[in-house]
Number of protein chains: 2
Amino acid sequence: MPDRNPLDEAVVERLDEHDLRYTSGRRLLVRGLRSATGPVTLPELLDLEPDLPQSSAYRNLALLEEAGIVRRLVHDASDHARFELAEPLTGHHHHLICESCGVMVDIVLDDDIEHALDRSLESMAASEGFSLRHHNIDLFGTCADCRA
Amino acid sequence: MPDRNPLDEAVVERLDEHDLRYTSGRRLLVRGLRSATGPVTLPELLDLEPDLPQSSAYRNLALLEEAGIVRRLVHDASDHARFELAEPLTGHHHHLICESCGVMVDIVLDDDIEHALDRSLESMAASEGFSLRHHNIDLFGTCADCRA
DNA sequence: TTTACTGCAAAGGGTTTGCAACATG
DNA sequence: CATGTTGCAAACCCTTTGCAGTAAA
């Protein structure tokens with residue numbers, strides 16, 4: 001098995017834990033997701049990797065999500081779900097979303113803001129009786145192209 | 001028209017601006033949304049207000065959204081969209097979501113955290129060429145009932 | 001009385017699944 | 001070879017819409 005890189009290693013490890021094989025279709029999915037600059041819809045993914053049949057792509061994205069390799073997102077303005085590689089493989093980040101064209105871009109906040117926020121969110125959750133697992137921040141606005 | 005309260009006044013004002021009437025079905029929707037402790041799905045709303053027919057409820061929620069009275073949310077874990085009264089009528093807030101049962105609860109953050117965050121998010125957006133309109137924070141965890 | 005609105009039933013459309021053939025380890 | 005996986009096509013299910021009748025201002 002040539003061409004192994006750190007991301008593939010991590011993917012294979014998670015696949016093994018779930019008795020899943022790293023088939024050619026799953027390789028294409030991972031390659032397509034990695035080549036994107038943010039979460040992509042299924043049509044966008046099929047456009048990046050045209051050899052993927054739709055039903056297998058959906059089926060494998062669901063399996064990869066269960067294995068902790070993929071994260072599925074839904075965004076109010078789009079009919080399609082969006083997919084990205086999971087944070088353990090890519091690092092904690094948030095999303096900037098253009099309300100005009102729907103494009104989604106990854107962003108990373110300063111550590112000190114993240115920490116201050118974590119503390120505040122933790123206490124809010126506790127006061128409602130929740131145990132907190134993680135948080136999302138979505139920023140909505142208009143991208144440079146759509147304002148041009 | 002008796003029984004007007006401040007919320008109804010604000011609703012009527014927005015309806016008028018959009019040439020929409022405050023019909024009995026729309027009153028039931030607003031009453032149902034107001035009685036909930038967080039965003040609700042359509043089945044939940046029909047359960048709160050059983051006299052609402054499904055198609056009219058969906059149709060009116062869409063119109064009320066256009067009029068700035070209702071906000072529609074989609075949440076990864078649920079097949080159904082969720083609806084709440086829009087922030088101009090209720091105030092800025094975020095959501096705490098139970099990953100086990102799907103329930104959504106409104107929360108309000110401290111002003112100083114909101115302001116620090118606003119500044120940070122604004123500069124992130126600007127560095128990507130976006131003009132920022134608003135932000136969402138979703139907290140995911142497990143509610144007290146589901147941990148019991 | 002004009003125009004918006006209602007509710008039923010049927011269609012729409014992204015996503016999921018049954019099944020028989022195929023690949024992987 | 002035993003078991004996971006594929007891809008087509010059909011089903012699913014939340015949501016939307018056409019239409020003929022009704023209610024609001």
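Residue numbers start from 1 in every chain, and the chains themselves are labelled A, B, ... in the order their sequence lines are given, proteins ahead of strands. In this text, all values refer to a predicted model and were calculated from it rather than measured experimentally.
Taken residue by residue, residues 44-58 of chain B places heavy atoms nearer than 4.0 Å to DNA chain C at B:Pro53, B:Ser55, B:Ser56.
Ring centroids of A:His92 and A:His135 are separated by less than 6.0 Å, placing the two rings close together.
Spacing between atom NE2 of A:His18 and atom C1' of C:dT24 amounts to 19 Å, rounded to whole angstrom units. Taking atom CZ of A:Arg27 as the reference point, atom P of C:dT24 lies 9 Å away to the nearest angstrom. The nearest whole Å value for the distance from the CG atom in A:Leu29 to the C1' atom in D:dG7 is 14 Å. If you take CG of B:Leu20 and C1' of D:dA23, they are 15 Å apart, rounded to a whole angstrom. Taking atom CD of residue B:Glu66 and atom P of nucleotide C:dC5, one finds them 11 Å apart after rounding to whole Å. Rounded to whole Å, the distance from CZ on A:Arg82 to P on C:dG14 is 14 Å. Between B:Asp16 atom CG and C:dA4 atom P there is a gap of 14 Å when expressed in whole angstrom units. When the P atom of C:dT16 is taken as reference, atom CG of A:Leu61 falls 9 Å away, rounded to whole Å.
Note on A:Met104: it does not cluster hydrophobically with B:Phe130, by side-chain heavy-atom contacts below 4.5 Å among ILVMFWY residues.
Here the nucleotide nearest the side chain of B:Arg21, chosen from D:dA25, D:dT6, D:dC14, is D:dA25. Nearest nucleotide to the side chain of B:Arg26, out of D:dC14, D:dT5, C:dT6: C:dT6. Among the nucleotides D:dT17, D:dT15, D:dT5, the one closest to any side-chain atom of A:Thr23 is D:dT5.
Of the residues near DNA chain D, B:Arg72 and A:Leu63, the one whose nearest nucleotide (by heavy atom distance) lies more toward the 5' end is A:Leu63.
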Test B:Phe140 against A:Asn136 for side chain to side chain contact (heavy atoms under 4.5 Å, CB included), laying out the working first. CA-CA 8 Å; B:Phe140 294 90; A:Asn136 292 343; 3.2 Å; yes
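Within 4.0 Å (heavy atoms only), A:Ala81 reaches sugar-phosphate atoms of the nucleic acid but no base atom.
For B:Asn60, a side-chain nitrogen or oxygen approaches OP1 or OP2 of C:dT6 to under 4.0 Å.
Taking OG from A:Ser131 and CZ from A:Arg133, the interatomic distance works out to 6.5 Å, rounded to the nearest 0.5 Å. Interatomic distance, B:Tyr58 OH to B:Leu45 CG, rounded to the nearest 0.5 Å: 10.0 Å.
Both tests pass for A:Arg27 against the ring of A:Tyr22: distance under 6.0 Å to the centre and angle within 45° of the axis.
Considering all non-hydrogen atoms of both residues, B:Pro88 and B:Arg14 come closest at CB-NH2, 3.7 Å.
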